2 protein chains.
Amino acid sequence: MPMQDMHLVHHECGDCPIRHRAVCARCEADELQRLEQIKYYRTYQAGQTLIWSGDRMDFVASVVSGIATLTQTMEDGRRQMVGLLLPSDFVGRPGRSTAAYDVTATTDLVMCCFRKKPFEELMVSTPHIGQRLLEMTLDELDAAREWMLLLGRKTAREKIASLLAIIARRDASLRVKAAKGALVFDLPLTREEMADYLGLTLETVSRQMSALKRDGVILLDGKRHVTIPDLDRLLEEAGDDSDGGVLD
Amino acid sequence: MPMQDMHLVHHECGDCPIRHRAVCARCEADELQRLEQIKYYRTYQAGQTLIWSGDRMDFVASVVSGIATLTQTMEDGRRQMVGLLLPSDFVGRPGRSTAAYDVTATTDLVMCCFRKKPFEELMVSTPHIGQRLLEMTLDELDAAREWMLLLGRKTAREKIASLLAIIARRDASLRVKAAKGALVFDLPLTREEMADYLGLTLETVSRQMSALKRDGVILLDGKRHVTIPDLDRLLEEAGDDSDGGVLD
DNA sequence: CGAAAGCATTGATACAGATCAATATCAGGA
DNA sequence: TCCTGATATTGATCTGTATCAATGCTTTCG
């Protein structure tokens with residue numbers, strides 16, 4: 001089993017918030033093997049919508065590489081992105097057979113999928129997996145609630161700063177530590193996708209990006225390549241209480 | 001163990017999305033007894049904040065009766081409610097020792113609490129509980145994401161209509177079915193609390209309530225007593241795709 | 001190379017909801 | 001009963017963001 005899939009079963013016990021019973025190497029190997037048997041890979045191209053809201057969905061999956069988005073759409077076309085899936089994130093819900101959101105690849109994407117029925121059976125016989133899933137779901141819930149504060153109360157400028165801060169810190173694959181602690185990365189989202197995530201229009205996103213650039217909070221090289229010379233300054237602009245890192 | 005606490009352990013197997021192994025009556029009784037041993041009740045008065053964000057929190061709990069809110073606050077005082085706790089809802093996070101939100105009783109409140117450490121141990125030895133918790137957390141995540149669409153993309157009028165529809169349908173304890181299918185209930189929230197939930201100001205809430213009343217979508221008797229003569233009409237005003245009921 | 005398509009920026013104007021302010025209603029206590 | 005404070009309504013005005021519209025910048029492909 002490749003390293004990337006391990007997060008479903010393993011996690012560093014130093015970080016493990018739920019002190020599970022020790023598992024003997026033999027049993028653990030059995031569990032891994034069973035997971036191995038029901039898994040398969042799928043790849044998608046950038047821009048492809050893998051799942052439409054309301055579709056029958058007979059698998060659960062985990063992102064191996066690439067980025068996907070979860071969006072909800074109203075009848076008249078208003079769209080709101082409700083989640084960003086980065087490598088190791090999980091999608092799909094044990095116990096529900098219908099997708100609740102559109103899932104769209106924003107970059108080329110590799111998913112590690114598990115057929116739902118055997119996955120659910122495995123979950124019952126292997127409490128670790130359910131526990132890990134609970135942790136991940138609780139993290140997502142916290143992230144969703146943080147986003148509710150952003151959507152309900154932050155200004156456009158604060159929203160943009162918050163998004164940049166989250167991307168800069170969360171997506172390790174994009175992050176590059178440049179000299180003097182500056183962060184450099186390529187935005188994985190178009191202006192329109194940013195707008196859908198932030199509850200804004202793409203014009204407002206563009207204007208606020210220009211404003212942050214003008215004020216020296218960020219540097220822009222082309223449309224996508226971003227440098228953040230001072231993360232603390234950006235976090236100030238984001239209006240976050242905490243430093244945003246939710247730890248144990 | 002009183003009926004109200006049972007939801008943590010039991011659920012109707014007809015509805016049960018996760019097909020767990022059958023449990024013999026004897027073992028189940030043992031589980032219930034262990035849960036019984038670590039639980040205790042707490043009561044709070046309307047208006048009281050039981051938990052402040054950042055507080056140490058060494059228990060998890062479930063609402064027995066009354067209503068509580070989860071809110072986040074920015075340094076400058078902007079507030080956003082990120083959750084509404086109705087009877088049977090769960091609060092607290094196994095594996096984290098610090099509260100992430102303020103929890104405030106909006107009515108007199110009775111909570112059924114479990115000390116965290118023994119609860120976590122019980123969760124490990126009793127997979128049912130973890131599975132139930134996972135289901136509940138996934139439901140909350142869906143609710144949070146539906147709220148993100150509301151906060152990011154709905155108009156003030158749609159927001160109010162959505163909130164009224166949710167309260168009317170979700171809080172069975174408040175709901176009264178009047179003649180001809182009309183729904184009647186008392187709002188459990190002040191205008192300001194509604195505003196905090198919807199990402200609006202209390203003045204806008206008041207104006208939109210008046211507008212919905214003027215247009216016959218709702219009837220208001222006093223400030224809090226609401227009659228909804230036609231739920232479908234209200235749902236139309238809410239701009240919801242679906243009928244809002246997320247099932248299996 | 002030039003054309004075309006997608007993506008992004010910038011400008012002018014409109015409007016929903018915020019803000020500031022005054023008044024109204026209601027519940028509880030002296 | 002009237003007073004008091006909390007809660008709610010309504011009005012006038014302001015402002016941040018949406019909307020409509022034009023232009024610019026890349027990348028791709030003939």
Side-chain angles (χ1 to χ4, degrees), chain A residues 45-48 74 76-80 104 106-108 150-164 186-215 218-226 237 239, chain B residues 45-48 74 76-80 104 106-108 150-164 186-215 218-226 237 239:
Chain A
Q45 295 178 339
Q48 201 178 348
M74 293 172 69
D76 61 8
R78 281 176 280 175
R79 290 164 58 83
Q80 177 63 51
T104 307
T106 58
T107 64
D108 288 343
L150 176 145
L151 290 172
R153 296 302 186 193
K154 288 190 178 179
T155 64
R157 185 180 174 101
E158 288 169 335
K159 286 178 175 180
I160 299 284
S162 299
L163 178 59
L164 292 175
D186 283 311
L187 270 176
L189 303 174
T190 65
R191 297 291 186 264
E192 187 174 17
E193 287 164 338
M194 291 172 70
D196 282 343
Y197 205 7
L198 299 170
L200 298 170
T201 58
L202 69 92
E203 293 95 331
T204 297
V205 169
S206 185
R207 273 186 248 275
Q208 295 300 334
M209 289 287 287
S210 298
L212 288 174
K213 178 183 172 184
R214 168 172 45 72
D215 298 343
I218 63 174
L219 307 177
L220 273 174
D221 179 15
K223 294 154 196 294
R224 299 291 194 92
H225 197 72
V226 179
E237 294 284 354
Chain B
Q45 296 177 337
Q48 201 177 350
M74 293 172 70
D76 60 8
R78 282 177 281 176
R79 289 165 59 82
Q80 177 65 49
T104 306
T106 58
T107 65
D108 287 344
L150 176 145
L151 290 171
R153 295 302 185 192
K154 288 190 177 179
T155 64
R157 185 180 174 100
E158 288 169 335
K159 286 178 175 181
I160 299 284
S162 300
L163 178 60
L164 292 174
D186 282 312
L187 270 177
L189 302 176
T190 65
R191 298 290 185 267
E192 187 173 18
E193 287 164 338
M194 292 172 69
D196 282 343
Y197 205 6
L198 299 170
L200 298 171
T201 59
L202 67 93
E203 293 95 330
T204 297
V205 170
S206 185
R207 274 186 248 275
Q208 297 299 333
M209 290 287 286
S210 299
L212 289 173
K213 178 183 172 185
R214 169 173 44 71
D215 299 344
I218 63 174
L219 308 178
L220 273 175
D221 178 17
K223 295 154 194 295
R224 298 291 195 90
H225 197 71
V226 179
E237 294 284 354

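A, B, ... follow the sequence lines: proteins, then strands. Residue 1 opens every chain. Here the structure is a predicted model, which means the values were calculated and not measured.
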Salt bridge or not for [X] and [Y], using N-O below 4.0 Å?
X      : Y      : answer
B/D221 : B/K213 : no
A/K154 : A/E237 : no
B/D196 : B/R79  : yes

Rounded to the nearest 0.5 Å, how far does CD1 of B/I160 lie from OH of B/Y197?
13.0 Å

Distance (rounded to the nearest 0.5 Å) between A/S162 OG and A/L151 CG:
10.0 Å

Could you check how far [atom1] of [X] sits from [atom2] of [N], rounded to whole Å?
X      : N      : atom1 : atom2 : result
B/E158 : C/dA16 : CD    : C1'   : 12 Å
B/D221 : C/dT25 : CG    : P     : 15 Å
A/R191 : D/dG24 : CZ    : C1'   : 14 Å
A/R153 : C/dA18 : CZ    : P     : 8 Å
B/L220 : C/dC26 : CG    : P     : 12 Å
A/K223 : D/dT23 : NZ    : C1'   : 12 Å
A/I160 : D/dT17 : CD1   : P     : 10 Å
B/R224 : D/dA6  : CZ    : P     : 15 Å

Any heavy-atom pair between the side chains of B/T104 and B/Q48 that's under 4.5 Å?
no

Between D/dA8, C/dA8, D/dT17, spot the one nearest the side chain of A/T190, thanks.
C/dA8

Within the 4.0 Å heavy-atom criterion, would you say B/R157 contacts the bases, only the backbone, or no part of the nucleic acid?
nothing

Tell me which residues in residues 199-208 of chain B put a heavy atom below 4.0 Å from DNA chain C, sorted by number, or none.
B/G199, B/L200, B/T201, B/E203, B/T204, B/R207

